[in-house]
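All values reported here derive from a predicted model rather than from experimental measurement. In listed order, ligands and their atoms are each counted from 1.
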Amino acid sequence: MTSSLAESVRSAISQIVGPGAAALHTPHFGGNELAYLKECIDSTFVSSVGKFVDRFEAELAAYTGAKHAVAVVNGTAALQVALGLAGVRAGDEVLVPTMTFVATANAVAYCGATPHFTDSEERTLGMDPRALREHLQGAATIRGGQCVNRETGRVIRALVPMHTFGHIVDIDGLLSVARDFNLTLVEDAAESLGSTAGDRHAGTFGLLATLSFNGNKVVTTGGGGAILTNDQALAREAKHLTTTAKVPHRWEYTHDRIGYNYRLPNVNAALGCAQLEQLPSFLDAKRRLFERYRAAFAGMSGLRLVEEPAGTRSNYWLQTIVLDASVAAQRDEVLAATNDAGLMTRPAWTLMHKLQPYLGSPRMELSVAESLEQRVINLPSSAHLEMART
Ligand SMILES: *Cc1c(COP(=O)(O)O)cnc(C)c1O
């Protein structure tokens, strides 16, 4: 039998999305996509160079306020390269949230380093700076200016907070932990294009940050990502490394490093330019969608709808409810009742420290993330659910 909670959630979602099925998040192509793609194909510059890549990078920098943006093939590759540029080397440890998409942990592993898992905050769903500070006070020591894990003897090099579902993490608290423990902060801003804290955009707080333009993100290039930084030397290095470290020359192929073939093709950047033009309207629509969910869930007991943390503005990438601990056992009924009705909902990712490749990785006490894992549910969140109404 379906519980009344599951039935209430199903009914609230169906009231928001109207008749018929609803996916979790699908892209909307309502602008210059076809025109720019045609222009790109007509030019024959569909691949490694072209004006759309330059334009996309310039527009990303202008929009986010980062001094430099380097477009790459996807957000995972962006993270891998950003971590290398942040000084992460084989044998290091990197602090990452256990509640994240697998890319955050994998990027660390691609560098030959080990993810060291951190707990979440109930409020932001992101890394908890207070708990992390306490953990490091016990588990780490500063030796020769480096933060060293007392137990493993490895250097903890960097800290990679992630703005979960678009909600800005407690970035000030984390910057202060990074300062006090000599850690380089790299933001995984894959989910937070359009989110701000005060007057600063997500991805402009760390030494480097990364974005994703996968098909399910706020704007898409099909597949794509970007590295953001205010440091010109790092930006140049990012471009060089992601374009096979080829030394510029009219005909010679000389490579001064082991680089990567990670550049974003021009055809994907063309799509990105058209999508970026619509970002403000996507953000408006997603905020209106949030307001309607808020009204629909108002007064419903047993859950809360996740709202942007105070002092921040969220892009509301994925609308999210968090069940109260007392009804966590009903989560699967909620998932079944909604999905059975064609309303796609899903739980948060399986926590990283429970995944086979990371079972042996170092970690702090992860009780909040473990509790959230049982209670978080993402709701249909596409911008066009709202755009269709206006
Ligand atoms: C989407 C995402 C990425 C990058 O994903 P790609 O599919 O490689 O672009 C990284 N981290 C998080 C948290 C993400 O949600």
Side-chain angles (χ1 to χ4, degrees), residues 24-27 56 60 69-84 86 88 94-111 115 117-118 120 124-127 158-169 171 174 185-195 202-203 205-206 208-228 238 242 260-265 268-269 271-272 275-276 286 306 314-320 346-353 355 358 369 372-373 376 378 381-382:
L24 197 74
H25 199 285
T26 50
F56 189 51
L60 280 174
V70 175
V72 297
V73 280
N74 58 54
T76 311
L79 260 179
Q80 179 194 350
V81 172
L83 288 172
V88 174
V94 176
L95 296 158
V96 303
T98 191
M99 198 171 96
T100 185
F101 176 57
V102 71
T104 323
N106 283 352
V108 172
Y110 298 158
C111 296
F117 296 115
T118 68
S120 301
T124 65
L125 309 176
M127 238 185 220
L159 176 65
V160 188
M162 194 273 281
H163 306 290
T164 313
F165 309 139
H167 301 295
I168 297 276
V169 75
I171 193 71
L174 291 168
L185 193 145
V186 176
E187 290 170 80
D188 182 348
E191 304 184 353
S192 49
L193 181 64
S195 301
F205 295 93
L208 296 136
T210 59
L211 300 173
S212 166
F213 311 111
N214 191 26
N216 61 349
K217 294 297 187 342
V218 176
V219 299
T220 186
T221 58
I227 299 168
L228 303 179
T242 55
Y260 305 94
N261 180 14
Y262 281 176
R263 59 204 160 184
L264 184 72
N268 298 82
L271 199 52
Q275 286 272 289
L276 270 190
K286 293 173 82 63
V306 180
S314 176
N315 65 3
Y316 284 107
W317 173 52
L318 287 187
Q319 310 289 343
T320 306
R346 72 170 190 215
W349 314 273
T350 298
L351 300 178
M352 295 302 107
H353 70 281
L355 300 182
Y358 299 121
L372 283 169
E373 182 190 31
V376 163
N378 294 133
S381 303
S382 306

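Among all non-hydrogen protein atoms, the one lying nearest atom 11 (N) of ligand 1 is Asp188 OD2, 2.8 Å. The closest protein non-hydrogen atom to atom 3 (C) of ligand 1 is Ala190 CB, 3.5 Å. Looking at atom 15 (O) of ligand 1, its nearest protein heavy atom turns out to be Glu191 OE2, 2.6 Å. Here the heavy atom of the protein found nearest to atom 8 (O) of ligand 1 is Thr76 OG1, 2.5 Å. The closest protein non-hydrogen atom to atom 1 (C) of ligand 1 is Lys217 NZ, 1.5 Å.
For the side-chain contact (heavy atoms from CB on, under 4.5 Å) test, residues two or more places apart in sequence or in another chain that qualify with Ala69 are Leu60, Ala61, Leu228.
Counting only non-hydrogen atoms, the option in Gly166, Ala105, Ser212 that gets closest to atom 9 (O) of ligand 1 is Ser212.
Using a 4.5 Å heavy-atom cutoff, the side chains of Val81 and Val72 are not in contact. In this structure, the side chains of Glu373 and Thr350 come closer than 4.5 Å at one or more pairs of heavy atoms. Looking at heavy atoms from C-beta onward, Gln275 lies out of side-chain contact with Thr221 at the 4.5 angstrom threshold.
Residue Gly75 has at least one N or O atom closer than 3.5 Å to an N or O atom of ligand 1.
When heavy-atom distances to ligand 1 are checked against a 4.0 Å cut-off, Thr100 comes that close only through its side chain, counted from C-beta outward.
Near Met162, the atoms of ligand 1 lying under 4.0 angstrom from a non-hydrogen atom of the residue are 13 (C). Of all the atoms in ligand 1, the ones that sit under 4.0 Å from a non-hydrogen atom of Gly224 are 9 (O). Those atoms of ligand 1 with a heavy atom of Asn214 less than 4.0 angstrom away are 7 (O).
Below 30°, between 30° and 60°, or above 60°: for Trp317 and His25 the angle between ring planes is between 30° and 60°, a tilted geometry. Below 30°, between 30° and 60°, or above 60°: for Phe56 and Phe213 the angle between ring planes is above 60°, a perpendicular geometry.
Judged purely by distance below 3.5 Å, without hydrogens or angles, the side chains of Ser314 and His167 pair a donor atom with an acceptor atom.
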Practice task
Mind running side chain to side chain contact (heavy atoms under 4.5 Å, CB included) on Leu318 and Arg346 for me, showing each step along the way?
Solution key: CA-CA 11 Å; Leu318 287 187; Arg346 72 170 190 215; 3.8 Å; yes
